[in-house]
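Start at 1 with the first residue, then count along the sequence.
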Amino acid sequence: MKGALLAAVLCLLCVFLPQGGMGTGADVGDGIRMGKEQMVELLSVRMEKIRSLGITEADESLEETIKTEWQEASFGFYDGGENTEAAVDACIFQHIGGGKLDYESWEWTPGSKQVYMFDVEVFDVGNMYTNFMNGILPLMDGEVSITDIEEDLSGVDMESGSGVQVLRFQCNGNPYEFRAKAYYDWMDMRVVDFMNDVLEAEQAEKRLWVSSDGYQGCIIFFNTKEWAKEFRRIMGYGLSNGAD
């Protein structure tokens, strides 16, 4: 099983299941069954909107890849209004920003300079914040310099899933430390607020902006406040610049 297959599976879950629940059958929530052709049309519309925001990795090749996955799928689609649109977007962003996982070494590598998407319940507890930093670094594209990333688990009780997991790094040569609250394999999403505080301290123009797939998927962009406002106008829902 490869990273591309995992992305496809996550994508299918986002689109085939209605936001807010994981029921089955035609009576799921208030959803209305949609045909595949309707969903493909919606995909094209959402891809065009995403491209208009400058996310060039949402290209025609990716659109064709997702269309093929959907056309070969045996599941049903449901229309939950704006929720369906957001779920389609999450599917697109997962393909772009999900990165690649080597299932032999369990080493994760980022795959995008425009979008980073990950599950907040992580597969690699000992490197969760290192992987987070490696995911956002390509988005920053040299706007700030982040080096000497270290992750310290000495304060974590792995049996009880509690304690403090420490992330240390240097930004533009200045040392920073984030003390995460350990809770088994779940990330402490205050790390987003912390990184935006670092960016402010380093007088960076852009910030991290966050969306969700409605479940456990976190979608991150790095851009200006003006861009985030344009995202809301075009996509129909807003982004957060913190963990809330």
For [X] and [Y], which heavy atoms make the closest approach, and how far apart are they?
X	Y	value
L139	F222	O-CD2, 3.4 Å
G126	L153	O-CD1, 3.4 Å
M189	C218	CE-SG, 3.7 Å
D213	M117	CB-CE, 3.9 Å
M140	L208	CE-CD2, 4.3 Å
S212	G214	OG-N, 2.9 Å

Would you say the side-chain atoms of [X] pair up with the backbone N or O of [Y], donor to acceptor, closer than 3.5 Å?
X	Y	answer
N127	T130	no
W70	T65	no
Q114	T56	yes
N196	N241	yes
W108	G98	yes
W209	I220	no
D188	K181	yes
K36	Q71	yes

Would you mind reporting whether [Y] and [X] have side-chain heavy atoms less than 4.5 Å apart?
X	Y	answer
M235	E85	no
I92	L43	yes
S162	V156	no
L53	W227	yes
I50	D89	yes
F93	I219	yes
I234	S52	yes
N134	I149	yes

L239 vs R232, test: side-chain contact (heavy atoms from CB on, under 4.5 Å). Steps then yes/no. CA-CA 7 Å; L239 302 171; R232 175 186 285 276; over 6 Å; no
Rounded at 0.5 Å granularity, tell me how far [atom1] in [X] sits from [atom2] in [Y].
X	Y	atom1	atom2	value
I146	F169	CD1	CZ	5.5 Å
E151	L167	CD	CG	6.0 Å
L62	E64	CG	CD	10.0 Å
I55	K49	CD1	NZ	13.0 Å
D197	E202	CG	CD	12.0 Å
R207	E205	CZ	CD	9.0 Å

For the pair [X] and [Y], find out whether any cationic side-chain nitrogen is under 4.0 Å from an anionic carboxylate oxygen.
X	Y	value
R46	E48	no
R51	E63	yes
E226	K229	no

Assess the pair Y116 and F221: is the distance between their ring centroids shorter than 6.0 Å? no
For [X], look at atom [atom1] and say whether over 12 heavy atoms of other residues, nucleotides or ligands are found less than 6.0 Å away.
X	atom1	value
K113	NZ	no
Y176	OH	yes
R168	CZ	yes
E143	CD	yes

In terms of ring plane angle, is the pair F178 and Y129 parallel, tilted or perpendicular, where the classes change at 30° and 60°? perpendicular
Judged by modelled atom types alone, do D152 and Q165 share a side-chain donor-acceptor pair under 3.5 Å? no
Going by distance alone, is a donor N or O of one side chain under 3.5 Å from an acceptor N or O of the other, for T147 and Q170? no
same_hphob_cluster([X], [Y]) at 4.5 Å side-chain heavy-atom cutoff:
X	Y	answer
V164	M195	no
F132	V166	no
Y237	L42	yes
F123	Y183	yes
F118	Y184	yes

Yes or no on side-chain contact (heavy atoms from CB on, under 4.5 Å) for K225 and K206, after CA distance, side-chain angles and deciding distance? CA-CA 7 Å; K225 185 176 183 178; K206 300 175 182 177; over 6 Å; no
Give the C-alpha distance, both sets of side-chain angles, the deciding distance and a yes or no for side-chain contact (heavy atoms from CB on, under 4.5 Å) between E72 and T68. CA-CA 6 Å; E72 294 176 352; T68 299; 3.5 Å; yes
Walk me through whether M158 and V125 qualify under side-chain contact (heavy atoms from CB on, under 4.5 Å). CA-CA 10 Å; M158 300 303 288; V125 174; 4.0 Å; yes
Applying side-chain hydrogen bond (donor to acceptor under 3.5 Å, both in side chains) to E57 and S112, what does each step give before you reach the verdict? CA-CA 8 Å; E57 291 169 328; S112 171; 2.4 Å; yes
May I have the step-by-step check of side-chain hydrogen bond (donor to acceptor under 3.5 Å, both in side chains) for D119 and Y215, ending in yes or no? CA-CA 9 Å; D119 192 327; Y215 297 96; over 6 Å; no
